[in-house]
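In what follows, chains carry the letters A, B, and so on, assigned in the order in which the sequence lines appear, proteins first and then strands, with residues in each chain numbered from 1.
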Amino acid sequence: MTLSLNSRNIERFRQQIFDFYQLNRRSFPWRETTDRYAVMVSEIMLQQTQADRVVGKFLAWMDTFPDTETLASATLREVLILWSGLGYNSRGQRLQNCAKVIMERFDGVVPARPEQLITLPGIGEYTCRSIPVFADNLDVAAVDTNIRRIIIHEFSLSEDTPKREIQSVAELLLAKGRSREWHNALMDYGSINLTSRRTGIRSLTKQSKFQGSKRWYRGRLLKELVASESLFVEELEEKYGDCPWGLQGIIDGLVREGLVDEDEGLNGQGRVLRIREE
DNA sequence: ATCCTGCCGC
DNA sequence: GCGGCTGGAT
């Protein structure tokens with residue numbers, strides 16, 4: 001039975017969420033700033049990553065790359081060193097590419113509107129909304145995995161409810177004028193009180209196992225490359241001889257995504273891998 | 001084994 | 001729409 005979305009139920013729901021938030025709010029460094037660049041950094045880092053694991057990385061990043069200009073002029077190696085441990089390394093590269101595009105096309109200022117933000121690399125349907133929500137208190141609904149789960153559970157919707165329906169419910173529920181607070185409250189309610197484990201509502205993204213997977217080898221290889229100037233493919237072939245897909249397939253993927261360069265070594269010493277340099 | 005403030009290319 | 005992409009925590 002779907003709880004009807006009349007104004008009385010909506011108001012009751014908002015009160016319930018804000019009451020919870022008052023007693024249980026989590027504290028994060030990105031909640032202490034409205035700088036749009038800082039919010040963008042945190043939102044990219046938080047994609048598919050538990051908030052607690054992001055705190056240290058976020059602080060170190062803001063220490064080293066305090067603004068778009070600093071980030072845009074860094075090397076990819078510096079970026080990946082600071083990103084190391086967060087996972088999904090392409091996010092780090094895309095964040096830097098964001099900074100480069102912002103320097104060229106937006107005069108160094110992170111754009112404020114979702115339609116502009118979504119044109120940037122690594123920023124999609126969720127993040128293009130969440131940045132203006134948390135930086136500018138914009139009245140739009142940003143639906144992440146927490147908020148999707150809350151809406152499905154509280155209003156007894158089916159787990160395969162289309163995204164656009166969840167989105168319109170989220171827009172109905174939005175506490176206008178308090179968008180930032182509202183989204184923070186929902187996040188905390190979802191991750192503390194209404195967990196996936198507790199509700200049994202499955203995540204939308206299904207992931208295969210990591211240990212021994214293609215991504216696992218890829219992560220190990222990239223970490224080695226970040227730690228050294230360059231590596232010979234030939235030596236790596238021996239070291240990763242147990243890789244079921246063959247090392248070359250992993251290398252091709254890294255090259256295709258622009259994280260790694262593969263060139264001929266000097267004096268015909270075989271092929272060499274290194275983190276991409278401009 | 002499953003999830004976490006998703007995005008991208010196909 | 002679907003598979004690939006990380007790594008740490010529970």
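Of the residues in residues 208-216 of chain A, those placing a heavy atom less than 4.0 Å from an atom of DNA chain C are A:Phe210, A:Lys214, A:Arg215, in numerical order.
Among the protein residues, A:Leu120 comes within range of the sugar-phosphate backbone only, with heavy atoms under 4.0 Å from sugar or phosphate atoms but none that close to a base. Residue A:Thr49 is in base contact, counting any heavy-atom pair closer than 4.0 Å across all strands shown. If you check every strand for non-hydrogen atoms under 4.0 Å, A:Glu125 touches sugar and phosphate atoms only.
Nearest heavy-atom pair across A:Leu225 and A:Arg77 is O-NH1, 3.0 Å.
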Walk me through it: do A:Lys176 and A:Asp139 pass the test salt bridge (charged side-chain N to carboxylate O under 4.0 Å, His left out)?
CA-CA 6 Å; A:Lys176 289 189 179 177; A:Asp139 280 333; over 6 Å; no
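Regarding A:Arg202, its CZ atom lies at a distance of 13 Å from the P atom of B:dA1, rounded to whole Å. Across the protein-nucleic acid pair, A:Arg91 atom CZ and B:dC7 atom C1' stand 10 Å apart, rounded to whole Å.
Look at A:Gln47 and you won't find any side-chain N or O under 4.0 angstrom from OP1 or OP2 of B:dG6. For A:Thr127 and B:dC7, the shortest distance from a side-chain N or O to OP1 or OP2 is below 4.0 Å. Phosphate contact (OP1/OP2 of B:dC4, side-chain N/O of A:Arg149, threshold under 4.0 Å): present.
Mapped onto DNA chain C by nearest heavy atom, A:Gln48 and A:Arg94 fall at different nucleotides, with A:Arg94 at the one closer to the 5' end. Taking for each of A:Ser90 and A:Arg197 the nucleotide of DNA chain C with the nearest heavy atom, the 5'-most of the two is the partner of A:Ser90.
Salt-bridge annotation for A:Asp188 and A:Arg26: present, with a side-chain N of the basic residue lying under 4.0 Å from a carboxylate O of the acidic one.
Ring orientation note: the planes of A:Trp30 and A:Phe28 are close to parallel, at an angle under 30° on the 30°/60° scale.
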